[in-house]
Amino acid sequence: MRLVDRAAEETIDALRGAGVATAHEAAGRVGLLGPEIRPRQTGTAIGGSAITVSCHPGDNLMIHAAVEVCRPGDVLVVTTTSPSTDGMFGELLATSLIARGVVGLVIDAGVRDIADLRDLSFPVWSRSVHAQGTVKASPGSVNVPVVVAGRLVSPGDIVVADDDGVLALPAACGPAVAAASAERLATEATKRAKLAGGTLGVDLYNLRPLLADLGVRYVDRLPENGSTTGNGTA
(Lines give C-alpha, C1' and ligand atoms only; values in the text may rest on other atoms or scores of the structure.)
Protein backbone atom coordinates (compact mmCIF):
# COMPACT_ATOMS: atom_id res chain seq x y z
CA MET A 1 0.00 0.00 0.00
CA ARG A 2 1.46 3.33 -1.08
CA LEU A 3 -0.78 5.84 0.72
CA VAL A 4 -0.78 6.18 4.51
CA ASP A 5 -2.72 8.57 6.73
CA ARG A 6 -0.25 10.28 9.05
CA ALA A 7 -0.74 12.10 12.35
CA ALA A 8 -0.21 15.84 12.61
CA GLU A 9 3.41 16.87 12.98
CA GLU A 10 2.75 18.83 16.16
CA THR A 11 1.19 15.77 17.81
CA ILE A 12 4.18 13.61 16.93
CA ASP A 13 6.58 16.29 18.18
CA ALA A 14 4.71 16.55 21.48
CA LEU A 15 4.85 12.80 22.08
CA ARG A 16 8.53 12.61 21.16
CA GLY A 17 9.24 15.43 23.58
CA ALA A 18 7.27 13.71 26.35
CA GLY A 19 9.24 10.49 25.88
CA VAL A 20 8.26 6.85 25.75
CA ALA A 21 7.74 6.34 29.49
CA THR A 22 5.53 9.40 29.97
CA ALA A 23 3.51 8.85 26.79
CA HIS A 24 3.01 5.19 27.69
CA GLU A 25 1.63 6.14 31.10
CA ALA A 26 -0.52 8.88 29.59
CA ALA A 27 -1.95 6.41 27.06
CA GLY A 28 -3.11 4.09 29.83
CA ARG A 29 -0.04 1.85 29.68
CA VAL A 30 -0.73 0.52 26.20
CA GLY A 31 1.31 0.44 23.00
CA LEU A 32 4.71 -0.53 24.35
CA LEU A 33 6.83 -2.93 22.32
CA GLY A 34 8.57 -5.74 24.18
CA PRO A 35 11.97 -5.07 25.79
CA GLU A 36 13.74 -7.33 23.31
CA ILE A 37 13.68 -4.39 20.87
CA ARG A 38 16.61 -2.36 22.13
CA PRO A 39 18.20 0.97 21.14
CA ARG A 40 21.54 0.66 19.40
CA GLN A 41 22.62 4.17 20.42
CA THR A 42 22.16 6.34 23.48
CA GLY A 43 20.58 9.72 24.04
CA THR A 44 18.45 9.65 20.89
CA ALA A 45 14.69 10.18 20.71
CA ILE A 46 12.57 9.98 17.57
CA GLY A 47 8.92 10.27 16.65
CA GLY A 48 7.23 9.62 13.34
CA SER A 49 4.59 7.80 11.36
CA ALA A 50 4.99 4.06 10.85
CA ILE A 51 5.74 2.60 7.46
CA THR A 52 5.41 -1.13 8.09
CA VAL A 53 7.19 -4.00 6.39
CA SER A 54 6.70 -7.77 6.60
CA CYS A 55 9.66 -9.79 5.34
CA HIS A 56 10.63 -13.43 5.14
CA PRO A 57 13.39 -14.18 7.66
CA GLY A 58 16.84 -13.66 6.21
CA ASP A 59 15.44 -11.75 3.22
CA ASN A 60 15.41 -7.94 3.08
CA LEU A 61 13.86 -7.51 -0.36
CA MET A 62 10.76 -5.81 1.00
CA ILE A 63 12.77 -3.30 3.00
CA HIS A 64 14.19 -2.07 -0.30
CA ALA A 65 10.66 -1.98 -1.75
CA ALA A 66 9.42 0.04 1.22
CA VAL A 67 11.95 2.84 0.81
CA GLU A 68 10.04 4.16 -2.18
CA VAL A 69 6.89 4.91 -0.15
CA CYS A 70 8.67 6.58 2.77
CA ARG A 71 8.29 10.30 3.33
CA PRO A 72 10.20 12.75 5.53
CA GLY A 73 9.41 12.14 9.19
CA ASP A 74 8.49 8.47 8.80
CA VAL A 75 9.77 5.58 10.92
CA LEU A 76 10.36 2.27 9.15
CA VAL A 77 8.95 -0.63 11.19
CA VAL A 78 10.05 -4.10 10.06
CA THR A 79 9.11 -7.59 11.17
CA THR A 80 9.63 -11.09 9.79
CA THR A 81 7.10 -13.87 9.26
CA SER A 82 9.03 -16.09 11.67
CA PRO A 83 11.70 -15.22 14.25
CA SER A 84 15.00 -13.98 12.84
CA THR A 85 18.16 -12.35 14.12
CA ASP A 86 19.89 -12.02 10.75
CA GLY A 87 21.45 -8.66 9.91
CA MET A 88 18.72 -7.47 7.56
CA PHE A 89 19.66 -3.79 7.64
CA GLY A 90 22.94 -1.93 7.41
CA GLU A 91 24.73 1.22 6.34
CA LEU A 92 23.66 1.22 2.68
CA LEU A 93 19.95 0.94 3.45
CA ALA A 94 20.35 3.61 6.11
CA THR A 95 21.91 5.92 3.54
CA SER A 96 18.90 5.38 1.29
CA LEU A 97 16.43 6.06 4.10
CA ILE A 98 18.26 9.22 5.15
CA ALA A 99 17.89 10.50 1.59
CA ARG A 100 14.12 9.98 1.94
CA GLY A 101 13.98 11.84 5.26
CA VAL A 102 13.20 8.76 7.37
CA VAL A 103 13.99 9.46 11.03
CA GLY A 104 14.73 5.93 12.25
CA LEU A 105 14.24 2.16 12.10
CA VAL A 106 12.46 -0.28 14.41
CA ILE A 107 13.11 -3.89 13.41
CA ASP A 108 12.15 -7.18 15.01
CA ALA A 109 15.29 -8.81 13.61
CA GLY A 110 18.99 -8.01 13.34
CA VAL A 111 21.02 -5.08 12.07
CA ARG A 112 24.69 -4.77 11.21
CA ASP A 113 27.22 -2.04 10.35
CA ILE A 114 26.51 -0.57 13.77
CA ALA A 115 29.57 1.69 13.82
CA ASP A 116 28.60 3.10 10.42
CA LEU A 117 24.99 3.61 11.52
CA ARG A 118 26.20 5.60 14.50
CA ASP A 119 28.52 7.65 12.32
CA LEU A 120 25.52 8.41 10.10
CA SER A 121 23.49 9.36 13.20
CA PHE A 122 20.73 7.05 11.97
CA PRO A 123 18.79 5.75 14.99
CA VAL A 124 17.98 2.05 15.16
CA TRP A 125 16.02 -0.13 17.59
CA SER A 126 16.45 -3.83 16.90
CA ARG A 127 16.12 -7.34 18.34
CA SER A 128 19.79 -8.11 17.71
CA VAL A 129 23.06 -7.02 16.22
CA HIS A 130 24.30 -9.72 13.87
CA ALA A 131 26.63 -9.69 10.88
CA GLN A 132 24.78 -12.56 9.20
CA GLY A 133 23.87 -11.44 5.68
CA THR A 134 20.54 -11.80 3.90
CA VAL A 135 19.18 -12.42 0.41
CA LYS A 136 16.72 -10.54 -1.79
CA ALA A 137 14.43 -13.24 -3.12
CA SER A 138 11.04 -13.50 -1.40
CA PRO A 139 7.89 -11.39 -1.70
CA GLY A 140 6.34 -9.78 1.36
CA SER A 141 4.17 -6.80 2.24
CA VAL A 142 4.51 -3.06 2.79
CA ASN A 143 2.05 -1.04 4.86
CA VAL A 144 0.00 -3.85 6.34
CA PRO A 145 -0.60 -4.39 10.06
CA VAL A 146 2.37 -6.23 11.58
CA VAL A 147 3.23 -7.62 14.99
CA VAL A 148 6.53 -6.36 16.39
CA ALA A 149 7.74 -7.72 19.74
CA GLY A 150 4.21 -8.58 20.77
CA ARG A 151 2.63 -5.29 19.68
CA LEU A 152 0.34 -4.74 16.70
CA VAL A 153 1.61 -1.83 14.61
CA SER A 154 -0.48 -0.46 11.75
CA PRO A 155 0.60 1.83 8.91
CA GLY A 156 0.46 5.45 10.04
CA ASP A 157 0.65 4.65 13.76
CA ILE A 158 2.63 7.16 15.78
CA VAL A 159 5.97 5.61 16.76
CA VAL A 160 8.01 7.14 19.57
CA ALA A 161 11.36 5.63 20.51
CA ASP A 162 14.12 6.57 22.93
CA ASP A 163 16.47 4.98 25.46
CA ASP A 164 13.47 3.46 27.28
CA GLY A 165 12.18 1.52 24.27
CA VAL A 166 9.54 1.88 21.58
CA LEU A 167 5.89 2.96 21.75
CA ALA A 168 3.34 2.64 18.94
CA LEU A 169 -0.06 4.34 19.17
CA PRO A 170 -2.92 4.75 16.69
CA ALA A 171 -2.79 8.18 15.09
CA ALA A 172 -6.37 8.91 16.13
CA CYS A 173 -5.53 8.82 19.84
CA GLY A 174 -2.39 10.93 19.43
CA PRO A 175 -3.86 14.36 20.38
CA ALA A 176 -5.48 13.02 23.56
CA VAL A 177 -2.31 11.23 24.63
CA ALA A 178 -0.22 14.32 23.86
CA ALA A 179 -2.49 16.43 26.07
CA ALA A 180 -2.38 13.87 28.88
CA SER A 181 1.41 13.68 28.54
CA ALA A 182 1.68 17.44 28.96
CA GLU A 183 -0.38 17.21 32.15
CA ARG A 184 1.85 14.44 33.50
CA LEU A 185 4.98 16.45 32.75
CA ALA A 186 3.60 19.44 34.64
CA THR A 187 2.67 17.25 37.61
CA GLU A 188 6.08 15.59 37.58
CA ALA A 189 7.79 18.98 37.60
CA THR A 190 5.96 19.86 40.81
CA LYS A 191 6.82 16.51 42.38
CA ARG A 192 10.45 16.81 41.31
CA ALA A 193 10.77 20.16 43.04
CA LYS A 194 9.35 18.75 46.26
CA LEU A 195 11.61 15.68 46.18
CA ALA A 196 14.63 17.90 45.48
CA GLY A 197 13.64 19.93 48.54
CA GLY A 198 13.82 16.85 50.74
CA THR A 199 10.23 15.61 50.80
CA LEU A 200 10.14 11.82 51.02
CA GLY A 201 8.25 9.75 48.50
CA VAL A 202 6.29 8.03 51.26
CA ASP A 203 4.93 11.43 52.27
CA LEU A 204 4.55 12.88 48.78
CA TYR A 205 2.42 9.92 47.73
CA ASN A 206 0.80 9.47 51.17
CA LEU A 207 2.11 5.92 51.44
CA ARG A 208 2.44 5.70 55.24
CA PRO A 209 -1.19 4.59 55.76
CA LEU A 210 -0.77 1.91 53.09
CA LEU A 211 2.44 0.64 54.68
CA ALA A 212 0.65 0.45 58.03
CA ASP A 213 -2.32 -1.38 56.50
CA LEU A 214 0.06 -3.89 54.98
CA GLY A 215 1.65 -4.51 58.36
CA VAL A 216 5.00 -2.92 57.60
CA ARG A 217 6.66 -1.67 60.82
CA TYR A 218 9.59 0.68 61.33
CA VAL A 219 12.18 -0.66 63.79
CA ASP A 220 15.46 0.88 64.90
CA ARG A 221 17.32 -2.43 64.97
CA LEU A 222 16.58 -6.05 64.21
CA PRO A 223 16.66 -8.44 67.17
CA GLU A 224 20.00 -10.18 67.64
CA ASN A 225 18.52 -13.46 66.49
CA GLY A 226 17.38 -11.72 63.29
CA SER A 227 13.73 -12.78 63.68
CA THR A 228 10.89 -10.42 62.81
CA THR A 229 7.15 -10.52 63.14
CA GLY A 230 4.52 -9.10 60.86
CA ASN A 231 4.53 -8.81 57.10
CA GLY A 232 7.54 -6.57 56.72
CA THR A 233 10.00 -4.17 58.31
CA ALA A 234 11.59 -0.92 57.29
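Note that this is a predicted model, so its numbers are computed, not measured. Computation of the quantities below employed the complete heavy-atom set of this structure, encompassing side-chain atoms and omitting hydrogens, waters and symmetry-equivalent molecules. This chain uses plain numbering: 1 for the first residue, then up along the sequence.
- Atom CD of residue Glu10 and atom CD1 of residue Ile12 lie 9.0 Å apart, to the nearest 0.5 angstrom.
- Connection of Val106 to Val129 is not established within any shared hydrophobic cluster, with ILVMFWY side chains joined at heavy-atom distances below 4.5 Å, either directly or through further cluster members.
- The line from CD1 of Ile37 to CZ of Arg127 is 5.0 Å long, rounded to the nearest 0.5 Å.
- A salt bridge is absent between Arg71 and Asp74; no separation between the charged side-chain nitrogens and carboxylate oxygens falls under 4.0 Å.
- A salt bridge does not link Asp86 to Arg112: none of the charged side-chain nitrogens sits closer than 4.0 Å to a carboxylate oxygen.
- Side-chain N or O atoms of Trp125 include one that pairs as donor or acceptor with a backbone N or O of Asp162 at under 3.5 Å.
- Residues Ile63 and Met88 come closest through the heavy atom pair CD1-O, 3.8 Å.
- Using a 4.0 Å cut-off between charged nitrogen and carboxylate oxygen, Arg2 and Glu68 count as a salt-bridge pair.
- Residue Ile98 holds its CD1 atom at 8.5 Å from CD of Glu91, rounded to the nearest 0.5 Å.
- At distances below 3.5 Å, at least one donor-acceptor pair connects side-chain atoms of Arg40 with backbone N or O atoms of Ser126.
- The minimum heavy-atom distance between Arg16 and Val160, with the atom names listed, is CA-CG1, 4.0 Å.
- Remark: Arg208 pairs with Asp203 by the side chain to side chain donor-acceptor pair (under 3.5 Å) rule, at least two apart or across chains.
- The minimum heavy-atom distance linking Val177 with Leu169 is given by the pair CG1-CD1, 3.9 Å.
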Exercise answer: donor-acceptor pairs, residues 131-149 side-chain atoms, under 3.5 Å, sequence neighbours excluded:
residue: Ser138; atom: OG; partner: Asp59; partner atom: OD2; Å: 3.0
residue: Asn143; atom: OD1; partner: Thr52; partner atom: N; Å: 3.2
residue: Asn143; atom: ND2; partner: Met1; partner atom: O; Å: 2.8

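- Under the 4.5 Å side-chain heavy-atom criterion for Ile, Leu, Val, Met, Phe, Trp and Tyr, Val78 and Leu97 are members of the same hydrophobic cluster.
- Checked by atom type and distance alone, the side chain of Thr199 never pairs as donor or acceptor with a backbone atom of Leu195 at under 3.5 Å.
- No side-chain donor-acceptor contact under 3.5 Å links Arg221 to the backbone of Val219.
- Tracing side-chain contacts under 4.5 Å through hydrophobic residues (I, L, V, M, F, W, Y), one reaches Leu76 starting from Val124; they form part of the same cluster.
- Considering all non-hydrogen atoms of both residues, Ala168 and Arg151 come closest at O-NH2, 3.2 Å.
- Side-chain atoms of Thr44 do not come within 3.5 Å of backbone N or O of Pro123 as any donor-acceptor pair.
- Judged by distance alone, the side chain of Thr80 and the main-chain N or O of Ser82 form a donor-acceptor pair under 3.5 Å.
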